[in-house]
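The structure under discussion appears below in the form of structure tokens.
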Amino acid sequence: MEAVRITLPDGKTVEVQRGLKIQDVASSLGVNSDVVAAKVDGVPVDLDRVLSRDCALDWIPLDSPDGVEILRHSTAHLMAQAVQSLFPGTQVTIGPTIEHGFYYDFKRDQPFTSEDLERIEAKMRELAAENLKVTREEWSREAAQAMFRLMGEEYKVEILREIPEETVSLYRQGDWIDLCRGPHVPSTGIIRAFKLTSVAGAYWRGDEKNEMLQRIYGTSFPTEEALREYLKLLEEAKNRDHRRLGRELDLFSFHPIAPASPFFHPKGALVYNELISYMRRLYLRYGYQEVITPQIFDVELWHRSGHYDHFRDNMYFTRIDEREFGVKPMNCPGHTFIYASKKRSYRDLPLRYADFGRLHRYEKSGVTAGLTRVRSFSQDDAHIFCAPEQIETEMTNLLKMLREVYRTFQFTEMQVKLSTRPEHYMGSVEAWAHAEASLAESLKREGVDYQVNPGDGAFYGPKIDFVILDALRRGWQLATIQLDFSMPERFDLTYVGPDGTEKRPVMIHRAILGSIERFLGILIEHCGGAFPLWLAPVQIRILTVTDQQKDYAQGVFRELTAMGWRAELDDRNEKLGYKIREVQLEKVPYAAVIGDREVRDSTIAPRRRGGENLKPASVKDFMEMLKTEAAPEAGNDRAAQS
RNA sequence: GCCACCCUAGCUCAGUCGGUAGAGCAACUGAUUCGUAAUCAGUAGGUCGCCGGUUCGAAUCCGGCGGGUGGCUCCA
């Protein structure tokens with residue numbers, strides 16, 4: 001019998017009989033039993049794959065990233081098997097793995113209830129206990145199609161119709177079979193630590209026009225401990241949920257009277273405005289000028305800007321004096337009027353107009369969520385009007401500014417996406433190509449890694465979106481930079497060039513925080529409600545031990561507020577422990593305890609959020625010490641970790 | 001917008017078979033004057049999201065509407 005040469009992970013080579021299965025090689029080599037699959041020349045395959053040629057072999061242990069992926073995919077199959085055995089007539093569609101688990105979409109008229117989920121989970125445990133062998137079979141596409149048609153699996157038939165290969169792989173476990181590329185774990189007994197988490201509707205192939213399927217989400221881990229840890233993380237995420245913290249910290253609320261439109265309470269408004277002040281200080285350094293523009297414009301403007309054609313479904317309209325008006329969903333068209341209010345020279349450019357104006361966008365009822373997706377919001381919005389040859393410098397400065405801002409908020413991880421021409425667009429294809437190339441060029445020059453997001457641009461131009469990862473590693477789109485050649489055209493904006501002829505400026509739409517609402521929501525979750533000193537709505541609270549210190553404490557309070565600190569005085573007749581508990585739960589960065597000792601020595605006894613007691617000091621000395629920490633550039637204070 | 005689920009005091013949640021509403025915390029009053037995460041006692045607080053239906057009787061069953069949550073589609 002012929003032999004094939006196998007290169008092992010350690011670089012050694014062995015010769016084995018052609019036709020041997022990978023698992024035979026594994027057991028003869030005494031490879032660890034937690035190997036669930038292998039890679040042949042880098043391609044993941046099942047352990048029962050036959051070795052037919054020389055190749056490099058690598059093992060995939062269960063607890064490796066590839067192993068977990070395979071485990072989850074196999075768990076999805078196990079779930080589908082359980083579902084079809086419990087609910088005959090249910091059709092399977094697709095069941096991929098996702099970041100923290102998997103899902104499988106089913107076609108069934110009856111909705112799955114939470115009791116059904118429990119039954120499915122129980123059935124899965126049963127099937128796992130049977131330790132069914134999972135085997136791969138190769139079928140001709142036609143035969144597979146015929147079989148699935150016979151089984152009434154219309155979706156599988158449709159999927160098969162679009163597979164170009166003549167041969168497809170099916171996986172069988174017990175009496176259950178599914179079309180799948182694989183690989184899978186060798187037997188169902190390996191699947192142990194799993195949990196079905198939720199049911200949801202999902203359109204077939206993700207298209208709104210298609211019928212709705214039922215998606216069951218679940219997750220699976222190599223060990224019970226890992227699963228428990230994950231569930232604990234979910235629990236922790238719940239505690240950080242900005243909607244919950246917003247209520248607990250009295251930052252904002254919502255009311256059905258204005259759906260998806262936040263009411264910012266005094267403390268929330270303070271943080272909100274502090275974010276804006278921070279941006280305003282940056283604007284001074286980066287050469288921006290703030291403007292204020294109308295809220296409501298005659299629809300004529302929206303026709304001209306293209307919003308009426310491309311954004312109407314997201315806009316609010318109102319009729320008055322026989323005129324139709326639209327509430328602004330964006331600031332850009334308004335800014336063109338300031339630009340056009342007088343004749344512009346190349347010497348005026350670039351003009352950078354910043355606007356914190358309130359925007360209203362109608363969002364479909366099902367998509368709104370807390371502060372992260374609202375109908376009424378404002379952005380740290382700005383429009384840069386510049387000459388085409390200035391785009392490069394502007395982009396460089398924008399990226400610099402963006403990095404500075406994200407460093408301040410300790411958003412260290414960021415993904416960059418270049419979104420290109422969408423289906424509904426304005427302007428010429430050439431202008432789009434030019435704009436897309438400019439953006440790509442800028443990113444390359446700045447050494448920024450990015451992915452292309454085809455068809456995801458704004459209707460007036462391509463954009464670079466910045467997705468930051470929060471403390472729980474969830475991605476959020478905040479910043480956006482959009483290059484626009486068509487709005488200047490539509491509003492006939494010009495400037496006089498050095499040669500005396502009229503030229504067309506370029507508009508760069510950009511936001512760094514994005515919507516202040518969303519940014520605040522993300523920030524709350526990122527820091528768990530423990531704002532850095534410069535953002536904390538209350539920076540320090542004075543706590544008296546008994547009523548004896550009331551007068552002195554009031555003096556300290558007056559002193560602090562006179563110095564510009566956001567201070568509160570808790571001189572209630574309560575025990576110190578009670579006041580400490582409250583100040584801690586409210587995540588106030590500092591407490592200043594005042595008892596008889598402090599009155600006697602004219603000091604305060606500071607306590608940091610988290611419990612660290614600091615040396616008593618005079619008000620003046622202590623606050624002097626906090627000054628550096630109170631600067632945004634100091635980033636999160638140390639106590640924010642608590 | 002679509003699918004599923006949820007809505008009881010300010011908050012978190014009980015409320016059995018359809019028989020007319022309950023706890024803890026918070027609030028308020030009083031006592032207590034206390035040194036780093038909860039002092040004690042008392043008082044008050046409800047159109048059970050809203051509208052309709054079934055029923056002798058609805059927080060409970062049914063329908064509609066509103067709001068929210070998890071997804072899908074869309075998106076700052």
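In the text below, chain A, chain B and the rest are named by the order of the sequence lines, each starting its count at 1. Note that this is a predicted model, so its numbers are computed, not measured.
Atom P of nucleotide rA76(B) and atom OH of Tyr460(A) are separated by 8 Å, given to the nearest angstrom. We find that NZ of Lys238(A) is positioned 12 Å from C1' of rU12(B), with the value rounded to whole Å. Going from atom CZ of Phe254(A) over to atom P of rG10(B) covers 20 Å, rounded to whole Å. We find that CD1 of Ile216(A) is positioned 16 Å from P of rG71(B), with the value rounded to whole Å. The separation between Arg373(A) atom CZ and rG70(B) atom P is 13 Å, rounded to whole Å. Between the CG atom of Leu213(A) and the P atom of rA4(B) there is a distance of 13 Å, rounded to whole Å. Atom CH2 in Trp204(A) sits roughly 18 Å away from atom C1' in rG71(B) (whole-Å rounding). Atom pair Lys364(A):NZ and rG71(B):C1' shows a separation of 14 Å (rounding to whole Å applied).
Exactly one of Phe377(A), Trp476(A), Tyr272(A), Phe411(A) qualifies for a ring pair (Phe, Tyr, Trp, His ring centres under 6.0 Å) with Phe519(A). That residue is Phe411(A).
Between Ala458(A) and Pro111(A), the one whose closest nucleotide on RNA chain B sits nearer the 5' end is Pro111(A). Residue whose closest nucleotide on RNA chain B sits further toward the 5' end, between Glu582(A) and Asn314(A): Glu582(A).
The separation of rU54(B) from rG64(B), taken at their C1' atoms, amounts to 15 Å, rounded to a whole angstrom. For the C1' atoms, the distance from rA26(B) to rU12(B) is 11 Å, rounded to whole Å. rC51(B) and rU16(B) are spaced 23 Å apart, taking the P atom of each and rounding to whole Å. The gap from the P atom of rA58(B) to that of rC48(B) amounts to 12 Å, rounded to the nearest Å. When the C1' atom is compared between rA14(B) and rA9(B), the two are found 13 Å apart, to the nearest whole Å. Taking the P atom of each, rC56(B) and rG15(B) are spaced 28 Å apart, rounded to whole Å. Across the P atoms, rG49(B) and rC7(B) are found 8 Å apart, a figure rounded to whole Å.
Distance from the side chain of Glu574(A) is smallest for rU39(B) among the nucleotides rC3(B), rC74(B), rU39(B). In this structure, the nucleotide among rA76(B), rG67(B), rC72(B) sitting nearest to the side chain of Pro259(A) is rG67(B). The side chain of Val545(A) sits closest to rC34(B) out of rG1(B), rC34(B), rA37(B).
For Glu248(A) against rA26(B), no side-chain N or O and base N or O form a donor-acceptor pair under 3.5 Å. Contact annotation: side chain of Arg205(A) to base of rC72(B), donor-acceptor pair absent below 3.5 Å. No N or O donor and acceptor, one from the side chain of Tyr203(A) and one from the base of rG71(B), sit under 3.5 Å apart. With hydrogens and angles ignored, no donor-acceptor pair closer than 3.5 Å exists between the side chain of Gln549(A) and the base of rG35(B).
Taking the centre of each ring, Phe221(A) and Tyr230(A) come in below the 6.0 Å mark. Aromatic rings from Tyr460(A) and His509(A) are positioned such that their centres are separated by under 6.0 Å. Taking the six-membered ring where the residue is Trp, the centroids of Tyr155(A) and Phe106(A) are separated by 6.0 Å or more.
The shortest distance between the side-chain N/O atoms of Tyr103(A) and the OP1/OP2 oxygens of rC72(B) is not below 4.0 Å. Put simply, Lys463(A) has a side-chain N or O that comes within less than 4.0 Å of OP1 or OP2 on rA76(B).
Within 4.0 Å (heavy atoms only), Gly595(A) reaches at least one base atom of the nucleic acid. At a threshold of 4.0 angstrom between heavy atoms, the contacts of Gly370(A) are confined to the sugar-phosphate backbone, with no base atom among them. Here Arg518(A) lies in heavy-atom contact (under 4.0 Å) with a base. Arg247(A) comes within 4.0 angstrom of sugar-phosphate atoms only, judged by non-hydrogen atoms across all strands, and of no base. Among the atoms of the strands shown, none is found under 4.0 Å from any heavy atom of Glu517(A).
Aromatic ring orientation, Tyr362(A) versus Tyr316(A): perpendicular (interplanar angle above 60°, classes split at 30° and 60°).
Side chains of Phe254(A) and Phe263(A) form no contact here, defined as non-hydrogen atoms less than 4.5 Å apart.
rA76(B) has its base stacked against the ring of Phe377(A), the centroids being under 5.5 angstrom apart at an interplanar angle below 30°.
Arg215(A) forms a cation-pi arrangement with Tyr103(A), by the criterion of a distance under 6.0 Å to the ring centre and an angle within 45° of the ring axis.
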